[in-house]
Amino acid sequence: MQGDVLADERTKSLGFDLEGKDKAGSFAMTDDQILLSLVRESGLEVMPIGEALERLPEVREKYFWKLISPDEDEITKRVNEAPLRGLFARVKRGRRVILPLQACYILRSEAFSQIVHNVIIAEEGAEVHLVTGCFTSTHVSSGSHFAVTEIFLEKNAFLSYSMFHSWAPQVEVFPKSAALIEEGAIYVSNYVSLREVKQIKAFPRMIVKNNAAARSYSIIYAPKNSFIDIGSHLVLEGENSRGESISRTVSTGGKVIARANLEGKGANCRGHVECHGVLLENGGVISAIPELTAFRDDVELSHEAAVGRLSEEELLYLEARGLSEDEAKSLIVRGFMKVDIPGLPQELKKEMDKIIDMTIGGKEL
Amino acid sequence: MLEVKDLWVEVGGKLLLKGVNLTIGEGEVHILFGPNGSGKTTLLMTIMGAPQCRVVKGEIVFDGKVINDLPIWDRARLGIGMAFQSPPAVKGIKLKDLVEILADGKDGFDNELYSFLKLEDHISREVNKGFSGGERKRSELLQLFAQDPKFVMFDEPESGVDLESISLVGDAINRLLERGHCVKRHPKGYKKSGLIVSHTGYLLDYVKVDKAHVLIDGKLVCDKNPWDVLTTIREQGYKGCEVCKETC
Ligand SMILES: Nc1ncnc2c1ncn2[C@@H]1O[C@H](COP(=O)(O)OP(=O)(O)O)[C@@H](O)[C@H]1O
Ligand SMILES: [Mg+2]
């Protein structure tokens with residue numbers, strides 16, 4: 001059974017190599033089965049959430065259902081009622097794990113409803129880069145994925161969480177996450193979805209304490225018949241806290257809502273929102289909905305939003321250099337989606353760029 | 001190499017070119033003067049094939065072929081290149097990546113050009129983004145070296161460039177057009193040609209130019225020695241050209 005998943009083209013195309021030789025650890029689930037859970041680096045713990053709850057009493061005391069309430073909404077209720085599945089990962093105090101920790105969630109049976117609950121912890125001064133890939137086996141066209149993910153960054157920790165989604169046309173996805181970012185910690189959240197999907201709704205919440213920072217990047221490519229409602233909710237609670245919510249969305253016929261909600265509550269907190277959307281074909285819709293609320297007079301929140309077609313001027317410029325209209329468009333779109341993400345390891349950044357290149361494709365220039 | 005015959009062009013409903021005739025032979029470099037707003041950029045953009053420049057009448061012939069109906073990129077692939085007067089910034093694309101795309105499959109692009117054009121620090125930045133006026137002009141030249149067209153149009157390559165750097169722009173144009181003391185042949189067997197739009201004429205000190213034209217009222221007047229034309233413009237302004245036009 002493992003063999004056919006390993007061989008799956010899509011797994012590979014997302015950069016997931018389940019053997020995980022160059023990964024700090026690997027976790028994989030197909031439908032509701034835990035396929036794999038292993039660690040290669042010391043100072044890092046990776047195990048099924050059920051096992052963590054049994055073995056580690058502090059998980060229930062301090063983390064499990066502590067950032068998100070089980071009766072918050074329909075999604076959390078479903079997750080709470082379902083059999084317990086998901087990833088528990090923790091990096092020990094002061095450990096800096098640069099190789100990515102990978103987690104894969106695969107829908108393998110038609111019309112299956114995959115339900116997971118993850119808890120991720122970076123202890124004081126620790127660093128970890130979690131990469132999750134969510135996708136369907138090639139023969140699956142419908143199903144759903146519900147996820148609750150609670151993320152804890154203790155003092156001065158650095159955690160990046162990159163989600164690559166590659167679903168099928170009839171799949172509906174409801175990932176719900178919340179991150180608590182303690183003093184001086186930095187959290188980077190990347191969400192990348194590049195294939196047709198019936199519906200994705202995700203609005204991760206980030207609570208940012210003193211001198212801490214949260215940065216959220218959403219890179220969305222929405223083909224026809226896709227509906228993607230995505231964004232982030234940053235609560236800048238701490239003094240000097242920083243928040244940034246950046247989205248780059250491209251529609252070739254799909255509907256996208258790019259949201260961002262920043263609440264400035266801490267003294268001298270700063271936040272910025274960037275929602276940029278490009279419509280490549282008629283029939284698509286992109287709404288950018290930035291929302292800024294300042295609760296103090298020393299707060300600075302700003303936003304920048306632009307939606308519409310590609311710049312004619314830029315296209316003409318590249319065409320005058322000999323690039324055809326399609327080549328110029330593909331080059332600009334790929335450039336548009338390859339946002340610089342400070343703090344992300346080079347390898348991970350390259351992987352993201354490669355995925356974008358492969359999906360947006362166009363002619364190799 | 002290039003022949004423009006009785007070209008009438010409309011932009012945004014306004015007739016800007018009213019019967020332009022221009023012939024540039026292989027290995028020749030011409031300079032085009034003209035007051036602000038006279039339509040110099042429009043003429044270059046029309047030759048390049050910008051869709052907003054609507055050809056109402058006339059023909060553009062390149063290497064013996066009428067190119068009126070060709071899209072921009074096909075013209076570029078035939079060997080027409082252009083340095084824009086105000087090049088846009090292209091977000092998300094690094095200058096180096098664009099140069100590599102343009103130079104791909106052609107030999108002759110030398111990485112030494114980055115330092116020659118003083119762009120070593122710019123190549124890893126997004127194309128033209130946050131570049132100063134002079135840096136943009138040099139970025140144009142760099143891209144043209146990579147593209148290696150046989151006919152190159154330069155739209156005010158020296159505007160916004162400080163006096164000291166004008167010699168660099170001049171050297172770069174000479175090198176791009178393979179004009180030293182004598183016109184060299186491109187390895188492919190042709191001599192390159194050029195059309196330089198200039199406001200100031202400063203470049204005449206650096207680039208050997210064969211002929212000058214002046215664009216007035218949508219038409220080209222003059223077809224003379226560049227230095228004589230520049231002297232007339234400097235002494236009498238473009239009025240001098242109009243007078244000259246009547247007496248010619
Ligand atoms: N899109 C446009 N619609 C209407 N008029 C335009 C447009 N673009 C340029 N023009 C006008 O056409 C004239 C010629 O412009 P241009 O070719 O840029 O002149 P030059 O390069 O000689 O300064 C100017 O008066 C300019 O304002
Ligand atoms: Mg002009």
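Lettering of chains follows the sequences in order, A, B, ..., and the numbering in each one begins at 1.
Most heavy-atom pairs under 4.5 Å with chain A, from the set Pro71(B), Ala146(B), Pro88(B): that is Pro88(B).
Contacts with chain A (heavy atom to heavy atom, under 4.5 Å) involve no residue of residues 113-124 of chain B.
Rounding to the nearest 0.5 Å places CH2 of Trp73(B) at 9.5 Å from CG of Leu315(A). With values rounded to the nearest 0.5 angstrom, Lys91(B) atom NZ is found 9.5 Å from Leu310(A) atom CG. Within the model, atoms CD of Glu319(A) and CZ of Arg75(B) stand 11.5 Å from one another, a figure rounded to the nearest 0.5 Å.
In this structure, no portion of Asp74(B) lies under 4.5 Å from any heavy atom of chain A. Looking at Ala89(B), only its backbone comes within 4.5 Å of chain A, counting heavy atoms on both sides. The parts of Glu325(A) that come within reach of chain B are both its backbone and its side chain, each placing non-hydrogen atoms under 4.5 angstrom from that chain. For Leu98(B), the part sitting under 4.5 Å from any heavy atom of chain A is the side chain, from C-beta outward, and nothing else.
Side chains of Leu316(A) and Gln52(B) form a contact here, defined as non-hydrogen atoms less than 4.5 Å apart. A 4.5 Å side-chain heavy-atom check between Val90(B) and Leu331(A) finds every atom pair outside the cut-off. Between Tyr317(A) and Gln143(B), some side-chain heavy-atom pair lies under the 4.5 Å cut-off.
Heavy-atom minimum distance, Ala320(A) versus Ala76(B): O-CB, 3.5 Å.
No more than 12 heavy-atom neighbours from other residues, nucleotides or ligands sit within 6.0 angstrom of NZ on Lys94(B). Taking a 6.0 Å sphere around CG of Asp162(B), one finds it holds more than 12 heavy atoms contributed by other residues, nucleotides or ligands. Residue Gln346(A) qualifies as open at atom CD: its count of foreign heavy atoms under 6.0 Å is 12 or below.
Residues Arg77(B) and Glu327(A) are paired through a salt bridge, judged by an N-O separation under 4.0 Å between the basic side chain and the carboxylate.
A donor-acceptor pair under 3.5 Å is formed between the side chain of Arg321(A) and the backbone N or O of Met82(B).
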